Structures are given as structure tokens and as C-alpha cells.
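Computed from a prediction, not measured in an experiment: that's the story for all the values here. Index from 1, following the sequence.
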Amino acid sequence: MAEVGEIIEGCRLPVLRRNQDNEDEWPLAEILSVKDISGRKLFYVHYIDFNKRLDEWVTHERLDLKKIQFPKKEAKTPTKNGLPGSRPGSPDREVKRKVEVVSPATPVPSETAPASVFPQNGSARRAVAAQPGRKRKSNCLGTDEDSQDSSDGIPSAPRMTGSLVSDRSHDDIVTRMKNIECIELGRHRLKPWYFSPYPQELTTLPVLYLCEFCLKYGRSLKCLQRHLTKCDLRHPPGNEIYRKGTISFFEIDGRKNKSYSQNLCLLAKCFLDHKTLYYDTDPFLFYVMTEYDCKGFHIVGYFSKEKESTEDYNVACILTLPPYQRRGYGKLLIEFSYELSKVEGKTGTPEKPLSDLGLLSYRSYWSQTILEILMGLKSESGERPQITINEISEITSIKKEDVISTLQYLNLINYYKGQYILTLSEDIVDGHERAMLKRLLRIDSKCLHFTPKDWSKRGKW
């Protein structure tokens, strides 16, 4: 059996942890770092195939030294034509995942051809003629959605698998490790999930204190209190472009409010593994959602978007802060991004590739929005209602590719006697209605006061 002193970075071995059911388990973990505090060794472990936010420091008592796997010696880098090449799986090689779309068994239809609809096994409550490229899904979103932005209002433990973001195998050890222990933001204390490039001298503090209105960081409660006597902000800088009840949205220009935007990015990086933008905020707009009370406008979440996007991206990064997750705010942020696209007269899509959780959140929103359209269709003269992909896209501002992939995911599309048909079964309709009953937060377009700018015609952002 190996000794504790033999454990080095790169070793893999089972580590004791409690799962969501409060049961002991021994998943395989990799040692990312070793430190010695007063003669006691601590090991920073990453549980293989688990979400990185579950990484933690552990003592040697939780390590199974009988099953340790030592790192293999690195093979020489292969050469090609006498020049060094990159090894398969090298950390310097960025792996990009594409969002996979289940391809239909039938040919994908054009965006403009309408389709007729027939009942499914006689159990369809509504038959909606739809455009090509869709399938049926046995179970509608919503009821058992495993997403941080679910609107069921029940906070849950972090997902055990999957990721908020795309592959990060090219990161170095430093950025793979959480470096901030705790953040105090207003009345909330947040435990970061990921690395964020705050100044190094702040990473050794037990708590990092942030002003919840300007997001400026300080090293102590006294520093924060001194700052609050001078900070006159009680809401994010920029223009308030939406207010309904206690919910407001502020539009912040990354060039005009550089300090706030950079501080927002640093905070967001604690909870977004894929985020790489920290200081170059000029090309971006930030839309911050807040909740109002007698003390001011408290940040709930935000999304950013490029001022000019050649690929119709209407969201670059999106985040609901942990205290507000699973309460419907995530979908509200997504819905707001599409309301802006409607005013701009464009269709939009989030930056790809989407992470597992990002795809879940968007797929849930797309599914509910598209099913709302389909279930609201009226038949004329006894004919089955007809609609095309282009029409759905124009009504919702959801990009055509996302409409098609959602219909395929829901398994609504069938090909029958040379025609594409959409079938809404009882299960789909019931599941949708249950999900919509839980979705209490909605954007009211009448409360949006937004004039889009043509950034391409401006000499300077």
C-alpha cells in the first residue's frame, strides 16, 4: 500500500464523499494539488466524470491508498516531418463539442412548406399541421427538468454529472482549482464553483466582500463598510429598460461602464466554467436583472451579448446567481433576450456550443414557447391548422435551426403519405400545461422600453 508522502499531483484513487442521498461512496478522483498546513497534508481532488464544482480539499483519511494509480511518465511528443506535433488528448489541444441534433428518420423538410397533422394513436388532443423537420416526444419538458433554471422553485444540490460549459481540457492546473473560498454579496454568502481571476492577494482570504450595487471587491468587512459610505449607486449603472413589479432590467455598455462590467465578469466567472472574458468588455452589452426592495435594486442574474454578431447570437454568457436559481429567473432571462430580438426585428440564438445544462435550460424555454404557439393555433373551415418553420421563427424570434432541433427533440414530427405532420399527444399537452402553471414569471412586452442601436454605423462603440 502506498504511503501518504508518495501521493503527488496527477495520482488517481478512490476518495470518500457523501452523495445527494447522504450515502457514502468512493468515486475515482484525480489529485490536482497537495499542500501542507502545520504538518498536515491536504489534497485538492477532482472527481472524475463529476461536475467540477464538486472539487474540494480533503484529508488523507478520505483517500483509498490501496487503489492508487500513479501518473504515467509522459511519452515524447511525436514529430511530423521532423517538427513537434501535438499528442492526441494533449491539454494544449482545445476540444470543441458540437451541439448534436437528433436527425429525423425522414428527410428534413424546407422551412416554408406547411404540414398537416393527424392524431397519435387516436389520443391526440390537438392536431396541428406543422412545417417539416419535427418529431414527437413522449414526455414534455418541465416536470422533471434537470436544470439549474427550472421554475419549480425548489433549490437542489449541484448536479453530479454534466457541466455548465463546454470542454475545458486545455486549462492548466491553476485555473482548474477554485481559488475563492467565499463571497459576501449583500445579504448572501456565495460559495464559488470555479476559478475566477481576482487579484492573487485576495485568494487567501476566508471571505471576499463585494458591494452588491457596483460589485467592487474588498478584502475585509471594514473595507466594504468604508466603501458603502462613498458608493452612491443603488442599482446597476446604465439605463433601466424594463420594470414590472419588483423586477427590473438594466442595459450596461461594456465600454462606458468598464469597471462595473469587469467586476460583473469576475463575479460571473465564479459560477461559469467556460467564461473567458474578463477585461475586454468594450464589444459587449450587459443586461442585468434585479429585484427591488427598500434598500435598492439587488442583482439576480445577467446575460451579455455582442454589439455586433455576424452569427445572430443574442446571448454570449448567461447566469442566474445561486441564491436565485430554480425559481424561474433563468427562463425569464432567456425570454428577455428574445424580447430584445423581437424589437430588433431579428431571430437570435445563444452562442454555441451549448453546455449540457445550458442546452437543458434553452431546450426547456424553446419547447414551452413553441408548444404555446402550436396549441394556440385555430383550425379554419374544419381543416387542420397549418404553420411553417419560418412562421414559428418569425413569431418567437427563435432561429430556424433551434426550432427544428426542438421539434425533433420533442419527437413531434412525422412523415405520412408524403406530408409532414405534427402530433400533440395527451402526454405532451398535459406536461406542457403543468409546466406553464409553475412558470409564474413572464416578460410583459408592454413594460419594455428599448430602442436598438445600429452599432455597425457608429464610428466608435
Side-chain angles (χ1 to χ4, degrees), residues 1-20 23-77 86-87 89-95 157-165 167-183 189-208 219 266 269-276:
M1 186 172 78
E3 298 292 329
V4 173
E6 298 177 48
I7 301 173
I8 57 172
E9 293 171 5
C11 286
R12 293 189 173 199
L13 72 173
V15 176
L16 175 64
R17 70 178 302 277
R18 287 285 176 97
N19 63 20
Q20 285 177 309
E23 299 168 338
D24 288 350
E25 59 181 8
W26 291 84
L28 185 65
E30 179 184 354
I31 305 292
L32 297 187
S33 183
V34 183
K35 69 180 179 182
D36 196 310
I37 297 181
S38 304
R40 185 175 174 80
K41 282 192 179 293
L42 292 176
F43 305 90
Y44 192 88
V45 299
H46 165 64
Y47 299 102
I48 309 298
D49 296 328
F50 282 64
N51 192 293
K52 229 168 72 176
R53 76 185 79 164
L54 300 173
D55 296 359
E56 59 181 334
W57 289 98
V58 301
T59 58
H60 76 273
E61 289 90 355
R62 290 173 58 183
L63 308 179
D64 185 352
L65 299 178
K66 296 174 188 172
K67 298 180 180 177
I68 192 168
Q69 304 167 20
F70 289 98
K72 294 177 182 174
K73 289 183 181 176
E74 274 198 31
K76 288 184 180 176
T77 305
S86 61
R87 293 184 303 278
S90 160
D92 297 327
R93 184 180 173 201
E94 181 171 355
V95 182
R159 269 171 67 97
M160 294 294 109
T161 57
S163 170
L164 278 172
V165 299
D167 185 90
R168 300 290 294 176
S169 59
H170 59 287
D171 284 346
D172 58 30
I173 289 293
V174 173
T175 60
R176 288 177 66 190
M177 294 171 55
K178 303 171 197 174
N179 60 333
I180 303 293
E181 184 67 29
C182 180
I183 289 175
R189 282 209 166 183
L190 316 177
K191 205 163 176 57
W193 296 345
Y194 306 109
F195 170 89
S196 182
Y198 279 103
Q200 194 169 357
E201 63 269 19
L202 302 179
T203 61
T204 57
L205 301 173
V207 180
L208 181 61
R219 56 185 306 115
L266 287 170
K269 179 63 188 76
C270 291
F271 307 99
L272 294 174
D273 192 19
H274 69 303
K275 188 169 178 56
T276 54

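With a 4.5 Å cut-off on side-chain heavy atoms, D24 and R18 count as touching. Under the 4.5 Å side-chain criterion, counting only non-hydrogen atoms from C-beta, P192 is in contact with I183. Counting only heavy atoms from C-beta outward, the side chains of I7 and L65 approach each other to under 4.5 Å.
Taking W57 as the reference, Y44 meet the ring-ring contact (aromatic ring centres under 6.0 Å, His included) condition, with sequence neighbours excluded. In this structure, N179 has no side-chain hydrogen bond (donor to acceptor under 3.5 Å, both in side chains) partners at least two apart in sequence or on a different chain. Legend: residues meeting side-chain contact (heavy atoms from CB on, under 4.5 Å) with E23, ordered by chain and number and at least two apart, are N19, D21. Checked against side-chain hydrogen bond (donor to acceptor under 3.5 Å, both in side chains), Y47 has the following partners two or more places apart in sequence or in another chain: E56, R62. For R219, there are no salt bridge (charged side-chain N to carboxylate O under 4.0 Å, His left out) partners two or more places apart in sequence or in a different chain. Among residues two or more places apart in sequence or in another chain, the side-chain contact (heavy atoms from CB on, under 4.5 Å) test is passed with V207 by C182, E184, R189, Y209. Listed by chain and number, the residues in a salt bridge (charged side-chain N to carboxylate O under 4.0 Å, His left out) with E9 amount to none (sequence neighbours excluded). A search for salt bridge (charged side-chain N to carboxylate O under 4.0 Å, His left out) contacts involving E6 returns nothing, not counting sequence neighbours. Listed by chain and residue number, nothing satisfies the side-chain hydrogen bond (donor to acceptor under 3.5 Å, both in side chains) test with K67 (two or more places apart in sequence, or in another chain).
Between P71 and I8, the closest heavy-atom pair is CG-CD1, 4.0 Å. Here the closest non-hydrogen pair linking L63 and W26 is C-CZ3, 4.2 Å. K269 approaches F195 most closely through the heavy-atom pair NZ-O, 2.8 Å. Nearest approach of Y194 to D273, heavy atoms of both residues: CD1-N, 3.6 Å. Minimum interatomic distance between I68 and C11 (heavy atoms only, all atoms of both residues): CD1-SG, 4.0 Å. Across Q200 and T203, no two heavy atoms sit closer than the pair O-OG1, 2.6 Å.
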Let me check something: any side-chain donor-acceptor pairs from residues 32-42 under 3.5 Å, sequence neighbours excluded? List them with distances.
unit_1 : atom_1 : unit_2 : atom_2 : d
D36    : OD1    : G39    : N      : 2.9
D36    : OD1    : R40    : N      : 3.4

| task | Run the numbers on R12 and I48 for side chain to side chain contact (heavy atoms under 4.5 Å, CB included), then give the verdict. | result | CA-CA 9 Å; R12 293 189 173 199; I48 309 298; 3.7 Å; yes

| task | Could you give me the CA-CA distance, side-chain angles and deciding distance for I31 and V45, then say whether side chain to side chain contact (heavy atoms under 4.5 Å, CB included) is met? | result | CA-CA 5 Å; I31 305 292; V45 299; 3.7 Å; yes

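When H46, K178, R176 are each tested for a side chain to side chain donor-acceptor pair (under 3.5 Å) with D55, only one passes: H46.
In E3, the CD atom is not crowded: 12 or fewer heavy atoms of neighbouring residues, nucleotides or ligands sit closer than 6.0 Å.
Within the structure, salt bridge (charged side-chain N to carboxylate O under 4.0 Å, His left out) contacts touching residues 190-201 (residues at least two apart or in different chains) are E181-K191.
Interatomic distance, CG of L266 versus CD1 of I180, reported as 9.0 Å (0.5 Å rounding).
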